[in-house]
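To start, the structure under review is shown below, and the notes come after it.
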Amino acid sequence: IYSAVLPVVPAQVAPVDPVLATIQAQLAQQKADHEASVAVLKATVDTQQAQLAGSLAHPVKPLTLSVFVASFRKLAARAELDPAAYTGHSFRRGGATAAFKLRVQDALIQAHGDWASECYKLYCDMNFAPQLIHPLGMTTGAAAATRTFEMRA
């Protein structure tokens, strides 16, 4: 069996650059500070989550449409309004319109209304002028027709 003995060559020590050494020390300190900050933040979040979980006697449930409509219908009945006339849809549409007016991000409006498509954008048209012109014309036309009918009689 052949074995070779390699000579041991002493490592050459490069001269220490004081600027490089300072930068390396600062980077090492920043890394340590960052890791410490992350650890503190993680511990804080974990503690808050544990406290929140412990403080909830009952699990939080989302407000469903049926619960909302039932609650609103009770309020409508107290106000002596017909509860059957309210379905909750106007709140969904109105919420999308209000959020749009407040410049809420599209994705948040879509998520809040639980729309799978972008159909919610149909509710967010803020130009109501064309919609107001038609009822005004209908009212004016109806008034003119009424006057004409009354004059014939």
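When a residue number appears, it is its place in the shown sequence, counting from 1.
- Looking at Gln110, its side chain does come within 3.5 Å of a backbone N or O of Ser117 through a donor-acceptor pair.
- Considering only residues two or more places apart in sequence or on other chains, Lys31 meets the salt bridge (Lys or Arg N to Asp or Glu O under 4.0 Å) condition with none of them.
- For the side chain to side chain contact (heavy atoms under 4.5 Å, CB included) test, residues two or more places apart in sequence or in another chain that qualify with Asp46 are Lys42, Gln49.
- With sequence neighbours left out, the side chain to side chain contact (heavy atoms under 4.5 Å, CB included) criterion links Leu108 to Val104, Gln105.
- Sorted by first and then second residue, the pairs that involve residues 109-120 and meet salt bridge (charged side-chain N to carboxylate O under 4.0 Å, His left out), not counting sequence neighbours, are Glu118-Lys121.
- When every heavy atom of Pro83 is checked against every heavy atom of Ala77, the shortest pair comes out as CG-CB, 3.9 Å.
- Sorted by first then second residue, the side chain to side chain donor-acceptor pair (under 3.5 Å) pairs that include residues 62-84, not counting sequence neighbours, are Thr64-Ser66.
- With sequence neighbours left out, Phe68 forms a ring pair (Phe, Tyr, Trp, His ring centres under 6.0 Å) with Phe91.
- Residue Val69 comes nearest to Tyr86 through the heavy atom pair CG1-O, 3.9 Å, listed as atom of the first residue, atom of the second, then distance.
- A distance of 7.5 Å separates CG of Leu81 from CZ of Phe72, quoted to the nearest 0.5 Å.
- When the salt bridge (Lys or Arg N to Asp or Glu O under 4.0 Å) test is applied to Glu35, no partner is found at least two apart in sequence or on another chain.
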